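Comments concern the structure below.
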Protein chains: 2
Amino acid sequence: MPARTPLDANAILAATEEILRRHGPDKATVVDVARTLGVSHAAVYKHFPSKQALREAVTRRWLDRSRDALAVIAADSAVPPAQRLRTWLHAVLAGKQAKIREDPELFAAYAILAAAHSGVATDHVTDLLGQLTAIVADGAADGSLPTDDAQATARVVFNATAKFHHLGHAAEWQNPGIVTELDEVCTLLLQGLHAPTSP
Amino acid sequence: MPARTPLDANAILAATEEILRRHGPDKATVVDVARTLGVSHAAVYKHFPSKQALREAVTRRWLDRSRDALAVIAADSAVPPAQRLRTWLHAVLAGKQAKIREDPELFAAYAILAAAHSGVATDHVTDLLGQLTAIVADGAADGSLPTDDAQATARVVFNATAKFHHLGHAAEWQNPGIVTELDEVCTLLLQGLHAPTSP
DNA sequence: CAGGTTACAAATTTTGACATCTGTTACCAG
DNA sequence: CTGGTAACAGATGTCAAAATTTGTAACCTG
């Protein structure tokens with residue numbers, strides 16, 4: 001008895017996300033996912049080699065959505081690099097705040113998954129650092145953010161704003177002053193980046 | 001049958017620390033602590049109103065030791081404020097790295113306790129912010145770190161260095177490049193702090 | 001009466017039998 | 001031969017009973 005719908009990987013990922021939202025990461029089973037799709041759990045194993053791989057895939061998809069939304073801001077050459085850097089950092093924070101607000105259960109689930117599969121998380125950091133590097137490189141090109149190593153500079157900025165994007169700080173993002181704090185850090189960093197480098 | 005040693009609060013805290021080290025925070029019971037001290041567990045309750053209070057006290061003692069070590073650096077007026085700020089931030093990181101290296105079990109236990117009793121943790125942050133504010137104020141006084149609100153500036157610096165002192169980043173402190181990364185962030189922040197403020 | 005004891009109720013944790021889940025295999029349909 | 005099924009063994013999770021721990025009380029003792 002073949003499934004009515006062809007059951008592609010994407011349908012499995014969507015179903016997994018739904019189960020994750022409803023049951024949380026600890027109690028989300030692949031049997032649940034299969035039941036939602038109306039197939040046996042072995043069918044899911046035809047598409048993903050293990051539960052671990054399925055969870056990684058769903059986490060990656062989640063992170064990739066964030067990455068793509070941010071890429072638009074990073075690439076917006078209409079905005080001067082310094083301001084774009086600030087806007088981008090605010091967008092990183094705002095995106096995560098929005099996800100927490102809209103669906104705290106799912107966010108908590110993904111936070112646990114991202115921490116568990118650190119490879120996926122470090123890949124995502126690499127993606128974000130790439131975007132930040134592009135912004136800094138634009139600033140280096142037009143002279144507004146002088147640096148001879150855009151990648152190193154981007155890494156420093158990323159490290160200095162960890163409080164506003166690292167999941168370990170998620171609880172603090174509820175704090176009403178958090179956006180102001182990010183803005184203050186941005187201002188200080190941009191002041192440092194504008195400053196003429198001593199030879 | 002009175003205990004051989006008078007059993008003061010400090011002895012209980014030391015015993016609790018030992019139990020914490022051996023059993024971990026989840027399995028450390030006040031019965032264990034009492035057994036270590038050769039008394040009944042009710043005796044412990046003569047000195048601490050609850051297990052919660054005992055755990056808070058032991059956590060506070062641990063954090064206060066760090067605070068006192070750092071206070072020496074913060075108050076060392078022989079070192080110029082800008083350099084002192086850098087040294088102090090390095091000391092915060094180095095102190096935590098040392099504790100992880102020397103006794104990972106105990107560090108993990110304290111990390112969990114500090115997260116649980118958030119009041120103790122926020123008090124500690126307040127202490128550290130006070131030290132940082134003192135350094136910045138010294139810099140404001142001698143003109144090396146121009147600012148009209150030392151406390152606000154200290155808070156910005158603290159936020160920008162969260163990666164190097166917030167317990168949520170403890171795993172990253174094993175990374176060999178971490179000290180260099182802190183140094184780079186310090187350099188950028190100090191560059192921003194030196195820069196003339198626009199009117 | 002400060003600081004210890006034993007004894008005890010309520011809350012929590014551990015235990016162990018039982019159920020479910022994971023991952024694999026052998027098999028079937030188009 | 002891709003994509004499904006059912007049946008299975010071993011790992012993992014669940015749940016109620018039993019044991020332990022928390023916190024209190026009533027009671028000693030120098």
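In this text, all values refer to a predicted model and were calculated from it rather than measured experimentally. Below, read A as the first sequence line, B as the second, and so on, with proteins coming before strands; counting in each chain starts at 1.
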Using the side chain to side chain contact (heavy atoms under 4.5 Å, CB included) definition, which of the options A/Val31, A/Thr36, A/Thr29, A/Leu37 pairs with A/Val33? A/Leu37

N or O in side chain of A/Ser40 less than 4.0 angstrom from D/dA6 OP1/OP2: no

Test B/Lys27 against B/Asp32 for salt bridge (Lys or Arg N to Asp or Glu O under 4.0 Å), laying out the working first. CA-CA 9 Å; B/Lys27 301 175 71 168; B/Asp32 286 333; over 6 Å; no

For B/Glu18, give me all partners under side chain to side chain donor-acceptor pair (under 3.5 Å), at least two apart in sequence or on another chain. B/Arg21, B/Arg22

Do any side-chain nitrogens or oxygens of B/His47 fall under 4.0 Å of OP1 or OP2 in C/dA2? no

Summarise protein proximity over nucleotides 13-22 of chain D in one line of letters, 5' to 3': B for base, S for sugar-phosphate only, - for none, counting protein heavy atoms closer than 4.0 Å. -S------SB

Output the rounded distance in Å from CG (A/Leu37) to P (D/dG3). 15 Å

Test your reading of the model: is there a side-chain donor-acceptor pair from B/Ser118 to the backbone of B/Ala115, 3.5 Å cut-off? no

Given side chains that start at C-beta, do those of A/Val157 and A/Leu89 come closer than 4.5 Å, heavy atoms only? yes

Could you give all pairs that pass the side chain to side chain donor-acceptor pair (under 3.5 Å) test and reach residues 71-84 of chain B, with sequence neighbours left out? B/Arg84-B/Asp138

For A/Arg155, which residues count as a side chain to side chain donor-acceptor pair (under 3.5 Å) partner, sequence neighbours excluded? B/Glu184

Rounded off to whole Å, could you give me the CD-to-C1' distance for the A/Gln52 and C/dC21 pair? 16 Å

Starting at CZ of A/Arg55 and ending at C1' of C/dT22, how long is that distance when rounded to a whole Å? 12 Å

Tell me which donor-acceptor pairs under 3.5 Å the side chains of residues 91-101 of chain B have, and how far apart each pair is, sequence neighbours excluded?
from	atom 1	to	atom 2	distance (Å)
B/Lys96	NZ	B/His165	O	2.6
B/Gln97	NE2	B/Trp173	O	2.9
B/Lys99	NZ	B/Ser66	OG	2.6

Nucleotide C/dC1, atom C1' - distance to NZ of B/Lys46 in whole Å: 10 Å

Specify the angle, to 10°, made by the local axes at the two ends of the helix from C/dC1-D/dG30 to C/dG30-D/dC1 when five pairs are taken at each end. 30°

